[in-house]
Amino acid sequence: MNKKRMFRVSAPSGIRLMISMLILIAILLGNIIRGHEERDIFSYVWTVWLVLCSAIFIISVYRTYVKKPSVMEMAQEGIVINGTVINAEAVKCLLINYDRNPVIGIKPKGRAIVPLKLCFTFAEDQTEGIRQLEIWAQERQVKVSKGFFMRWM
């Protein structure tokens, strides 16, 4: 077995999310500007939605363009991402979405959606990283699912 067990990982691209948030922000701004004389419940709801969409957009820009790649290590006791150890016993399944750029998600037991910090892409040596991750999962009897999965942002 290849002994290279450390890989640089980064947050998955959020370009689709950023585009959809920009469209929502434009629509909400149009609604707020058009009805600026009226102060009813809808103007407050639109304002709250605008703030929420703007926050999601900013977080997505930060994760996609500003945040530096981190290190993922496949250790005997589990997977270590940025010093956080995820034990193999705590992993419900390993999810791989083979869209344009494969996105990997580690779903912990008791969770319905993959947490933000456990969703990543390999910054380099992608095929080797996925192969090593599948070997790691097979050695520890962790289920590997390929296809679309839900994740936070």
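Only one option out of I56, I59, V61 pairs with L17 in a side chain to side chain contact (heavy atoms under 4.5 Å, CB included); it is I56. A side chain to side chain contact (heavy atoms under 4.5 Å, CB included) with L28 holds for exactly one of L50, I23, L52; it is L50.
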| request: Begin with the C-alpha distance, continue with both residues' side-chain angles, and end with the deciding distance and a verdict on side-chain contact (heavy atoms from CB on, under 4.5 Å) for S54 and I25. | output: CA-CA 7 Å; S54 300; I25 289 169; 3.8 Å; yes
| request: Verify side-chain contact (heavy atoms from CB on, under 4.5 Å) between L24 and F57, making sure each step is shown before the conclusion. | output: CA-CA 10 Å; L24 279 172; F57 177 77; over 6 Å; no
| Does the side-chain contact (heavy atoms from CB on, under 4.5 Å) test come out yes or no for I79 and V91, once each step is laid out? | CA-CA 10 Å; I79 295 177; V91 176; 5.9 Å; no
| task | I would like to know whether V144 and C93 meet side-chain contact (heavy atoms from CB on, under 4.5 Å); could you show each step before the answer? | result | CA-CA 6 Å; V144 177; C93 64; over 6 Å; no
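If you take CG on N87 and NZ on K109, they are separated by 10.5 Å, rounding to the nearest 0.5 Å. Note that CZ of F148 is 10.5 Å distant from CG of L95, once rounded to the nearest 0.5 Å. Rounded to the nearest 0.5 angstrom, S145 OG and N97 CG are separated by 11.5 Å. For the atom pair CE of M21 and CZ of R16, the computed distance is 13.5 Å after rounding to the nearest 0.5 Å. In this structure, CZ on R140 lies 11.5 Å from CG on L94, to the nearest 0.5 angstrom. Atom CD1 of I130 sits about 5.5 Å away from atom CD1 of I96, to the nearest 0.5 Å.
No path of Ile, Leu, Val, Met, Phe, Trp and Tyr side chains, each step under 4.5 Å between heavy atoms, connects V48 with I32, placing them in separate hydrophobic clusters. Transitive grouping of hydrophobic side chains (ILVMFWY, heavy atoms separated by less than 4.5 Å) brings L22 and I15 into a common cluster. Under the 4.5 Å side-chain contact rule for hydrophobic residues, Y44 and I33 do not share a cluster. In the hydrophobic cluster analysis, where Ile, Leu, Val, Met, Phe, Trp and Tyr join through side-chain heavy atoms closer than 4.5 angstrom, L29 is grouped together with I27.
A heavy-atom distance below 4.5 Å is not found between the side chains of V71 and V9. Between E128 and F7 there is a side-chain heavy-atom pair separated by less than 4.5 Å. Using a 4.5 Å cut-off on side-chain heavy atoms (C-beta onward), M72 and F120 make contact. For the pair F122 and L133, the minimum side-chain heavy-atom distance is below 4.5 Å. When side chains are defined from C-beta on, P108 counts as touching P115, because their heavy atoms get closer than 4.5 Å. Side-chain contact check for K143 versus K92: every heavy-atom pair is 4.5 Å or farther apart.
Contact record, T64 with S13: OG1-C, 4.0 Å, taken as the closest heavy-atom pair. Closest of all the heavy-atom pairs between P102 and Q126 is CD-NE2, 2.7 Å. The two residues V80 and V85 come nearest to each other via the heavy atoms CG2-CG2, 3.9 Å. Minimum heavy-atom separation, C119 to V103: SG-CG1, 3.5 Å. Nearest approach of R63 to P12, heavy atoms of both residues: NH2-CD, 3.7 Å. Of all heavy-atom pairs between P69 and R8, the closest is CG-NH2, 3.2 Å.
For W46, the CH2 atom is densely surrounded, since the number of other residues' heavy atoms within 6.0 Å is greater than 12.
For the 3.5 Å distance criterion, the side chains of Q138 and E134 fail to qualify, holding no donor opposite an acceptor.
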